[in-house]
Amino acid sequence: MLKIHCPYCQETREEEEFHYSGQAHIARPTDPESCSDEDWGNYLYFRKNPRGRHMEMWVHAAGCRKFFNVVRDTVTYEVEQTYLIGHVPAGST
Amino acid sequence: MEKYSAYSLFKHALGHHENWQRQWRNPEPKKHYDVIIIGGGGHGLATAYYLAKNHGIHNIAVIEKGYLGGGNTGRNTTIVRSNYLWDESAHLYEHALTLWEGLSQDLNYNVMFSQRGVLNLGHTLQDMRDIERRVSANRLNGIDGEVLDVDGVRRIVPILNTSKNTRFPVLGASWQPRGGVARHDAVAWGYARGADRLGVDLLQQCTVTGFEMSGNQVRGVVTNRYGTIEADRVGCVVAGNSGVLAGYAGFELPIESHPLQALVSEPIKPVLDTVVMSNQVHGYISQSDKGDLVIGAGIDSYTGYGQRGSFTTIEHTIAAIVELFPIFSRVRMNRQWGGIVDTTPDACPIMGTSPVENLYLNCGWGTGGFKATPGSGHVFAECLASNDTPQLAKPFNLQRFYSGALIDEHGAAGVAH
Amino acid sequence: MSQSNRIPGGRCVDYGSEINFRFNGRSLKGYKGDTLASALLANEIKIVGRSFKYGRPRGVMSAGSEEPNAILQLGANPASQVPNVRATQQQIFNGLTSRTTNGWPSVDFDVMSLVGLVAGKLMPPGFYYKTLMFPQFLWHTYERIVRRGAGIGIAPTEPDPDRYDKINRHCDLLIIGAGPAGLAAALIASKTSARVILLDEHDEAGGTLLYSNDIIEGLPGIDWVKQITAELNAAANVDLLTRTTAVGYHDQNFIVAHERRTDHLADVAPAGFARQRVHRIRARHVILATGAHERPLVFANNDVPGCMQASAVSAYINGYGVRPGKRLVLMTTNDNAYEAAFDWIESGGESAVVVDIRTSVNSELLKRAATAGIRTLTGSAVFEVKGKRQVKAALVCGLDAERNALIGNDETIPADIIASSGGWSPVVHLSCHTGIKPDWREDIAAFVPGATNQKMLTAGAVSGDFSLSAALRQGASAAATILADCGFDLEDKATTSCQEHTVGMFQPCFHIPHRKPTSRSPAQFVDYQLDVTAAAIELATREGFESIEHVKRYTALGFGTDQGKISNVNGIAIAARSTGRSISETGTTMFRPNYTPVSFGAMAGRDVDELFQPKRYTAMQPWHEQAGALFEDVGQWKRPWYYPQTGESLQDAINRECLAVRSGVGILDASTLGKIDIQGPDAREFLNRIYTNAWMKLGIGKCRYGLMCGEDGMIMDDGVTACLADNHFVMTTTTGGAARVLEWLELWHQTEWPELEVYFNTVTDHWATATLSGPGSRALLAELTDLDLDPTNFPFMDWREAMVADIPARVFRISFTGELSYEINVNANYGLTLWRRLIEVGEKHNLTPYGTETMHALRAEKGFIIVGQDTDGSVTPEDIGMEWAIARRKQFSFIGRRGMAREDCQRQQRKQLVGLLPVNGDVVLPEGSQIVFDKPHQLPAKMVGHVTSSYYSAVLGRSFALALIQGGLGRMDETVQVSIGPDTWETAEITASVFYDPKGEQQHVQ
Amino acid sequence: MSNNSYAIMEQQPSIKGLANTPLVNVVRGAIPGPNAVGIEEHDDVGHLVLRGDATLLASAVTEVLDLAFPDQPLSSCSRDKTCIRWISPDEWLVTVPGTETSSVESSLRDAIVGHVAIVNVSGGQTIVHLTGKHASDVLMKSTSYDVHELNFPTGKVITTTLAQAQVIIRRLDTDQFELVIRRSFADYIWSWLRDAATEFGVNG
Ligand SMILES: Cc1cc2nc3c(=O)[nH]c(=O)nc-3n(C[C@H](O)[C@H](O)[C@H](O)COP(=O)(O)OP(=O)(O)OC[C@H]3O[C@@H](n4cnc5c(N)ncnc54)[C@H](O)[C@@H]3O)c2cc1C
Ligand SMILES: NC(=O)c1ccc[n+]([C@@H]2O[C@H](COP(=O)([O-])OP(=O)(O)OC[C@H]3O[C@@H](n4cnc5c(N)ncnc54)[C@H](O)[C@@H]3O)[C@@H](O)[C@H]2O)c1
Ligand SMILES: Cc1cc2nc3c(=O)[nH]c(=O)nc-3n(C[C@H](O)[C@H](O)[C@H](O)COP(=O)(O)O)c2cc1C
Ligand SMILES: [Zn+2]
């Protein structure tokens, strides 16, 4: 049972209030039309799916309705940090 | 290999069961194998078994990081059915079901495949349309099944709450009499014993931690226990860990690994003799031959390798079971657990070649691959042996995620497990 | 023999309150405070069950949640049955009705035990994998026989009369276990302002102090407990919950606890009260003070009724005032168990013999025993029990130095109770639930909690220190550490003093050797509930099941309702020995919730019956109910399905409703459609990106239909969006898609295009929508509005603000039926009034209310799709012939555009939406029916599509359908075969998908 | 009275008595109990959602509503029957007496320059007060949010789940809570609250 800090509400809330929204930092290709089927397939479906540290998006669905990023360990389920969309996690270079 | 039978039991009883042979060896690995299968779950073991049995390849190792059958094979709700919507999946799962029907005899290992029938309940008009569509498709694919109205459902499962006053009244169901359940552990052990007898080395407690590559070719696997072991071909059959293995070989997959949970009640005297599944209220239930109710939960939304999920998922599942079976309210839940399921965007598996030469994939079975175990092993063995994708496996190639030819069992059929 | 084993002095029972209860049809007496187990023992009932596999008689083994044998059926009537109740945890109450579950004709004489005797040898672990395979078709029959032996208790046959409850709790400190360690911790914490929860699964706090002879702060332990609990109950910051078991320890200190609120009072809870409650606890910190379970030793026939844990003997004597027999033989590996023998003699027991497997034993202790008249044998063991249905005697013999063989001569010591103590297993269960493994400590021969990433400390016996002083000290210091960490001031750190017996040397030992090899000796039980013997474990390893998880799965060790609380460590030790590994290498099996079983009802809480899931209603619901509507479930909404009149069938009603709309006027409650208010200078641009069609030129006062796709190019939703003002739009979505679409819009806005100035807000619930449809709708509406309804001034696909029935409204001239329609939207507070006024005034226009079924039939006649019915996530706009809704010239590559250009989406022969006319116009094709071009000669047949929507059309006087068919748009007028049942086919002709008014004259009506 | 950029509409009829609250159809009535929980609807309230940057909204709100602007997360400001609640960094919920709804909406529109959204949602939600010694117990049965006064003091506002619905909760006092609930879920929430409060008794 996760507990996630919403960077907007500035509170740690129960998992029930959030929706998981998949891997973070997948940018939409700027010019989809020039993408090959392969590029597009990679964008649509292919995922890192790491065992361990994962950067992912969540939305505070039953709260402020804001999307944000989370770094979570997919084995221990510990949430390392949460940070805003468009930012990089603390400690990244 | 000694043959198992009532007679052998009797004979060994006289010897106080002191002389039973090992069901499989505990071998030292060779330096080189023709084929290495990574993953000693049902699918991996079945692959090895059929490779040896049907394709004459005996220099095979199965490498398992834990104990045989300890992955999803050992933690699933064991529902077996073949009434899938799309032709591609229906043919594959029906192929598996046909193999299930003679599996105990083929393996000389009673996998307790119990064809007690599977009901998929419909609670809304759209559910009933989907059921009609699926059953109609099954009929034309030669798969048994019928659409039941609520009276038909009541006749089969009298203890189900079929009152009109429930939150989501049961309107009907699809019914596949040939579906059922099997004893999950026995499936893994039966294949293991069968494969071992045919010369396959089963290497347990040994984790593959990388691939021995030469250019874009796999030459072997790197393990934590035995170092590098060479192989001409490698089949990767690691379910929830497929993404991790793909990572070792340098590519990504259209797979996300999620926790999927299940639970059992305390054993009670048999009251439920079929499998009941409901998507709308989200519960899957059958009663084992030991008497416990075996209940499958919905998938947890986030990715996870922890073999455990969230308590809310369990709560929702149990509420659904009580909704369907109010008489179970006072029955008690004994144990819960989780597996790591490898989900694909279209809820269909991926079988065949990978972006790397000599490395073959068999994964993406997600929440519903137990029922496919014999079929998957059978087809994948052919794939590895012939270096070509067999007809049944063709639609399940990786290429479909680029071309868009997805087989959307999930959107269209909306049935899990 | 009423309560013939009863003695005075039981601390937990009230000798003044007699309780009558029933067991196997007999009426028995006990006292308030008794557990069912203590009351049965008081009444000298030995056999409380029959074993699962071999039908062997079994008696009470323990006094707590670790009990494997005394599993009874409770309940006085069919609805109040509770299967598998542990007698050791169930207090008795007047009228309690219990019975044993296995054993035919009775638990005292079970025919199965004869079968077990003979067939037992044929049933080693895994025997069923080896047999019952031939002939193949007979397995089903075999299985039916196998299933006859399945299960323990019986499920009720009627729905549960009780309610259950859940509550969420948050605290700074959760202390699990109210033994000395937990109490000491709570005491410290109670003096701060920290929020504290202390819980214990037992009926009262105290843990082992309830039964021991310890002295704390100069008081008998029990008095100290009473004093502390009184203090805790008085403290405002402490919640002390008894009969509450922590059953699951989940990530991030989320603990699930199960409270049995009324099970000790009656069969069925008092009215208004929840029978049981689940506490969902979020704790900042946890102290695990769950104590330890005593391990019995494994020896031959150790399951004969009368065999018990040593500590259970003390518990029954001191706690419940029951001495379960007269002559005790006690086998031990440690000093502590001697207490049971002392208690036995002190309580007037006839004789007690201690058989100590150690060769050197604390002389003080031996002296004390001698003084008490207790005979002691050292370096010896009980290796076999004599007696079938109850213990008659112990066979005792010397042990060699390695404890691998018996030496010397047997002695038969008469006994009616044989207690054993093989040491203690800390209750590490909860600590392991989040996936960590416990650590084996050789010095104490026990597993202790391993390192965890949860904020958890341990205190007391669970940490592997079994002394009372350690429990008190560790409890206090764990609490102090945590409280300091949380920033609370500690005024009082004083420690609690106690008087302590010395804890002597302890000798690890698990399995007592027999004269015969394990495989041939009488059965030596490890897991009582599942009849797993030492021989079974050895056999499993011999067959190659070497991993402890394999041993568990092959033998069923620890699979029972007790989850192997007292058997697992013995099993692990035996497996370790027979595989030549250490116990530490062998490890434990995985611990999982629940610590003890929890009723499904409690897990479901209030989410049952009416409250199983929300029912969502529109503002007009009271009217629909009055009008006798039947409802359809759409997502969580209840929507009027149709309004049957007396005697009408569904089809009759639909025909009537349809014709009314086509020829007169009908009214539909369309309030459930999702509605999203969109404001901002970039609203148009946003719509342009999210919809497939173009939005830049839509004028104020205009509406447009839009198709929404996923990035894969598949249709995901549709609806009409109206331009309210330059920067202001209102979008409608499908009923089921509303929440998803709003989240979708936010996703794109927040993550990809934050630069676009636009806001989305749901107004689904704010607007109530009454749709008038049919040629008569204008005349009706005209009566209630001053709006200029002249079609030139208010044309199709326009909207206007107006007063309707004196209520401010937005009226949209859009149509989902193909008829002249007005969708009247008002603030939902006025929805019911508007509706009633329309109905009232509509009477003379013959206004007919219609539901979703009619709406679906009417829209299908027009070929309008329903997303999710005519599409299924694998359908592109082109597939349904809606190229016109794809604006490829838009600058921005709208969502879905690239997806629909993929190879497979562009291939020939995709399935396309077409109309179907059954040749026999009386046959309504079942929705979902599969289609082939030609009747197949063999299976599998080549399917080319399926029927998505199908109705009888009252206005056409015949049936019709919509279907997705391969290359359908190029196959007009061709016939197909529709499979409508086993070997039943219907021929149908492919047509255009618009059946009624193809030119749209009705909806555009001037 | 739409201007060209945004449609503002007087949505309340001038005739009185035409309104029905979302709770028109529920079972009411007392359930006896010594410390009964009060469950009471407060209707005839105008609800306006404000979306935009705090910097754009703050002064306009203060000017039009004569209220401080709650720019801190989870805070609220209220005066008599007017209240403004922080919902998200760019969203606030304003409630005013029902009759003032569209005049407040217009005044706010007039007072604000820049990109904001104002949405009248008065028909879509309603306010329920939960009162009494056991009000917080009822909430504890209904939401996983920690409603203890230390964590959830008077004036604090949260949006969270209540049973299986969404809710905005504001603490009015130690034993008093305001719930803003959605119209279509109103029956469900009402039944839920009554059911959860049954053991204490219900006034409502
Ligand atoms: C709770 C639950 C319920 C389910 N219910 C059903 C159901 O009712 N019906 C149904 O049909 N399906 C069901 N499934 C799905 C089904 O269990 C799986 O699809 C199927 O068992 C997969 O089999 P497998 O052999 O591919 O994988 P697994 O059995 O998981 O085997 C993969 C093996 O690979 C090993 N491995 C992983 N990484 C490595 C490595 N690096 N080196 C060596 N070995 C490695 C793992 O240890 C594991 O043993 C359910 C799944 C779960 C979790
Ligand atoms: N000398 C020995 O060999 C020996 C061995 C074991 C214990 N002891 C004695 O036992 C005492 C240990 O004290 P302690 O406080 O650690 O343990 P304890 O056994 O006294 O108390 C533990 C309490 O935890 C409760 N509990 C266990 N699991 C629970 C769960 N999941 N949920 C709720 N409650 C749960 C039990 O009901 C029990 O009341 C000392 O007095 C010690 O001397 C001695
Ligand atoms: C079909 C099925 C039935 C099960 N029945 C029981 C049971 O009766 N008792 C039990 O303790 N566990 C039962 N289990 C669960 C296992 O004990 C175990 O939790 C599961 O295999 C996952 O392994 P793990 O918990 O070791 O990770 C069952 C598992 C399956 C798949
Ligand atoms: Zn938030």
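Residue numbering restarts at 1 for every chain, and letters A, B, ... go by the order of the sequence lines.
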Is it the side chain or the backbone of [X] that comes within 4.5 Å of chain C heavy atoms, both, or neither?
| X | answer |
| --- | --- |
| A/Val79 | both |
| A/Ile26 | backbone |
| A/Phe68 | neither |
| A/Ser36 | backbone |

Can you confirm whether [X] sits close enough to [Y] that some side-chain heavy atom of one is under 4.5 Å from a side-chain heavy atom of the other?
| X | Y | value |
| --- | --- | --- |
| C/Arg897 | A/Glu33 | yes |
| C/Thr751 | A/His25 | no |
| A/Met57 | C/Leu747 | yes |
| C/Glu746 | A/Val59 | no |

Take atom [atom1] of [X] as the centre, draw a 6.0 Å sphere, and report whether it contains more than 12 heavy atoms from other residues, nucleotides or ligands.
| X | atom1 | result |
| --- | --- | --- |
| A/Lys3 | NZ | yes |
| C/Gln891 | CD | no |
| C/Gln908 | CD | no |

Restricting to non-hydrogen atoms, name the atom on [X] and the atom on [Y] that form the minimum distance, rounded to 0.1 Å.
| X | Y | answer |
| --- | --- | --- |
| A/Trp40 | C/Arg898 | CD2-CG, 3.2 Å |
| A/Asp37 | C/Glu903 | OD2-N, 3.1 Å |
| A/Thr76 | C/Asn453 | CB-ND2, 3.4 Å |

Atom pair [atom1] ([X]) and [atom2] ([Y]), whose distance is rounded to the nearest 0.5 Å:
| X | Y | atom1 | atom2 | result |
| --- | --- | --- | --- | --- |
| C/Asp251 | A/Glu15 | CG | CD | 9.5 Å |
| C/Thr434 | A/Tyr77 | OG1 | OH | 11.0 Å |
| A/Arg65 | C/Asn761 | CZ | CG | 6.0 Å |

Interchain contact, [X] with chain A, by part (heavy-atom threshold 4.5 Å):
| X | result |
| --- | --- |
| C/His170 | side chain |
| C/Tyr249 | neither |
| C/Ile895 | both |
| C/Ile436 | neither |

> Can you check whether A/Leu2's main-chain N or O pairs, donor with acceptor, with C/Gln252's side chain at less than 3.5 Å?
Replying inline: no
> Is a side-chain donor or acceptor of C/Gln750 paired with a backbone partner of A/Ile85 at a separation under 3.5 angstrom?
Replying inline: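 Side chain of C/Gln750 to backbone of A/Ile85: no pair is present.
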>> Before you tell me yes or no, could you show the steps for A/Phe67 and C/His749 under side chain to side chain contact (heavy atoms under 4.5 Å, CB included), namely the whole-Å CA-CA distance, both residues' side-chain angles and the distance that decides it to 0.1 Å?
In response: CA-CA 10 Å; A/Phe67 287 80; C/His749 183 226; over 6 Å; no
>> Do the side chains of C/Arg280 and A/Glu16 get close enough for a salt bridge, i.e. N-O under 4.0 angstrom?
In response: yes
> Does a salt bridge link A/Arg28 with C/Glu711, judged by any charged N lying under 4.0 Å from a carboxylate O?
Replying inline: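 Counted as a salt bridge, because a side-chain N and a carboxylate O are separated by less than 4.0 Å.
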